[in-house]
Amino acid sequence: MNTSAPDRVPADPPFAHEPTDALSDRVPTDPPFESVSITPSILYFGTPVVLLSTENENGSFNLAPMSSAWALGHVIVLGLGAAGQTAHNLRSRHDLVISLPASAQWAAVERLAPLTGRTPVPEHKRDAFRFEPDKFAAAGLRPEPSELVRPPRVAECPMQLEARVAHARADAAGDFLIVEARVLKVHADPRIVVPGSQHIDPAAWSPLIYNFRHYYGLGPELGHSFRSRTA
């Protein structure tokens, strides 16, 4: 993870001062369309899957998949169901591990999907979920001791972030817990790190993406940002 200060962002957007004909060479033009209004049941429009390790009240550990996560610097923002075991744990025990599975590991994630560490099972989950005290074993994954926090890492995941909750609050509707977690230590499979650097190699790293409740990996690279350190 890059620890250097961010570069200054230009005041104008890219291509702002380029002539129109230059823009037409760079930006593909799709045929015009007339939009339709829809009401999706969920808005998972292509976000990474993470596995959250947290500590239960009895000292055992819970493992839960989730897909509402994004990073800002060394802070990870998480959106969790307010009634779940992970939210329950993080309200009082602030250590956690955020493990990022590779796209090929989607089946292990899906084995976790119908399980809950909450007992009794919350009423809204009883039709589709069952209680499972040992989710690592149920998913076929191995816990790996962390260095700075109590919950274990997921050994098979190519990237693992030891973290601690800095802030937690209810969302606007009161259905979710919004957690800001500060990353304390990053572990990475050396095969996804640019040799001799502190950078993840985006050509070698293929995160698992949750796209409207379907699992995807990444497609071919289309280009890179002007701020990229691994171009």
Side-chain angles (χ1 to χ4, degrees), residues 37-72 75-101 103 105-141 143 149-154 157 160-161 163-181 207-216:
S37 296
I38 63 173
T39 307
S41 61
I42 203 75
L43 291 177
Y44 284 126
F45 41 79
T47 50
V49 174
V50 303
L51 300 179
L52 299 184
S53 309
T54 58
E55 184 177 3
N56 298 316
E57 290 176 340
N58 63 5
S60 63
F61 299 105
N62 187 55
L63 183 66
M66 56 91 69
S67 57
S68 296
W70 60 280
L72 185 64
V75 172
I76 308 294
V77 182
L78 308 168
L80 309 167
Q85 185 66 19
T86 299
H88 175 77
N89 287 345
L90 291 179
R91 288 187 182 100
S92 54
R93 289 168 295 281
H94 292 169
D95 287 358
L96 72 156
V97 176
I98 304 161
S99 297
L100 285 81
S103 55
Q105 295 169 321
W106 74 268
V109 173
E110 183 59 17
R111 285 193 289 271
L112 286 169
L115 308 179
T116 177
R118 194 86 170 132
T119 182
V121 177
E123 185 174 354
H124 71 281
K125 287 188 171 184
R126 289 176 187 169
D127 291 341
F129 291 78
R130 65 177 177 84
F131 171 66
E132 172 53 61
D134 189 353
K135 291 191 185 177
F136 277 92
L141 298 171
V149 299
R150 283 184 50 78
R153 299 175 278 144
V154 179
C157 287
Q160 309 140 5
L161 315 177
R164 184 164 293 132
V165 174
H167 299 285
R169 61 175 178 82
D171 78 309
D175 298 325
F176 299 95
L177 184 70
I178 307 300
V179 174
E180 297 177 39
L208 178 61
I209 301 296
Y210 197 54
N211 181 10
F212 285 98
R213 289 178 169 163
H214 291 250
Y215 297 106
Y216 286 85

* Asked: Can you name the nearest heavy-atom pair linking N89 to E57, along with the distance?
  -> OD1-N, 4.4 Å
* **Qualifying residues under side chain to side chain contact (heavy atoms under 4.5 Å, CB included), relative to A82, sequence neighbours excluded** => R91
* Structure fact -> Across all chains, not counting sequence neighbours, the ring-ring contact (aromatic ring centres under 6.0 Å, His included) partners of Y210 are Y44, Y215
* Asked: Looking at residues at least two apart in the chain, or sitting in another chain, which of them share a side chain to side chain contact (heavy atoms under 4.5 Å, CB included) with D171?
  -> A173, D175, F176, I178
* List the steps, then state whether side chain to side chain contact (heavy atoms under 4.5 Å, CB included) holds for I42 with R213. => CA-CA 9 Å; I42 203 75; R213 289 178 169 163; 4.1 Å; yes
* Asked: Applying the side chain to side chain contact (heavy atoms under 4.5 Å, CB included) test to M66, which of L80, I98, L51 qualifies?
  -> L80
* Structure fact -> Hits for side chain to side chain donor-acceptor pair (under 3.5 Å) against S103, two or more places apart or cross-chain, chain-then-number order -> S206
* Asked: Shortest non-hydrogen contact from H124 to A83?
  -> CE1-CB, 3.8 Å
* Please list, chain by chain and in numerical order, all residues satisfying side chain to side chain contact (heavy atoms under 4.5 Å, CB included) with H214, sequence neighbours excluded. => Y216
* Counterpart residues, side chain to side chain contact (heavy atoms under 4.5 Å, CB included), relative to D127 (two or more places apart) -> none
* When you check the gap from the basic side-chain N to the acidic O, do R150 and E55 get nearer than 4.0 Å? -> yes
* Side-chain heavy-atom pair L96, V179 within 4.5 angstrom cut-off -> no
* Looking only at heavy atoms, which two atoms of A138 and E132 are closest? And how far apart? -> CB-CG, 3.9 Å
* Determine, step by step, whether L208 and Q105 satisfy the side chain to side chain contact (heavy atoms under 4.5 Å, CB included) criterion, reporting the C-alpha distance in whole Å, the side-chain angles of both residues, the deciding distance to 0.1 Å, and the verdict. => CA-CA 8 Å; L208 178 61; Q105 295 169 321; 5.8 Å; no
* **Test item: T47 side-chain N/O and S68 main-chain N/O as donor-acceptor pair under 3.5 Å** => no
* Criterion side-chain hydrogen bond (donor to acceptor under 3.5 Å, both in side chains) against Q85, the qualifying member of N56, T54, T119 -> N56
* Distance, nearest 0.5 Å, that separates CG of L78 from OG1 of T86 -> 9.5 Å
* Locate the shortest heavy-atom distance separating I76 from A71; write the atom from each residue and the value. => CD1-CB, 3.5 Å
* For residues V109 and P101, report the shortest heavy-atom separation together with the two atoms involved. => CG2-CG, 3.9 Å
* **Value rounded to 0.5 Å, distance of CG in L115 from CG in D134** => 10.5 Å
* Asked: Going by heavy atoms in the side chains, are S53 and L63 under 4.5 Å from each other?
  -> yes
* Structure fact -> Of all heavy-atom pairs linking V97 and P151, the shortest is CG2-O, 3.3 Å
* Distance, nearest 0.5 Å, that separates CZ of F61 from CG of L52 -> 14.5 Å
* To do: Could you check K135 against N62 for side chain to side chain contact (heavy atoms under 4.5 Å, CB included), going step by step and ending with a plain yes or no?
  => CA-CA 7 Å; K135 291 191 185 177; N62 187 55; 3.3 Å; yes
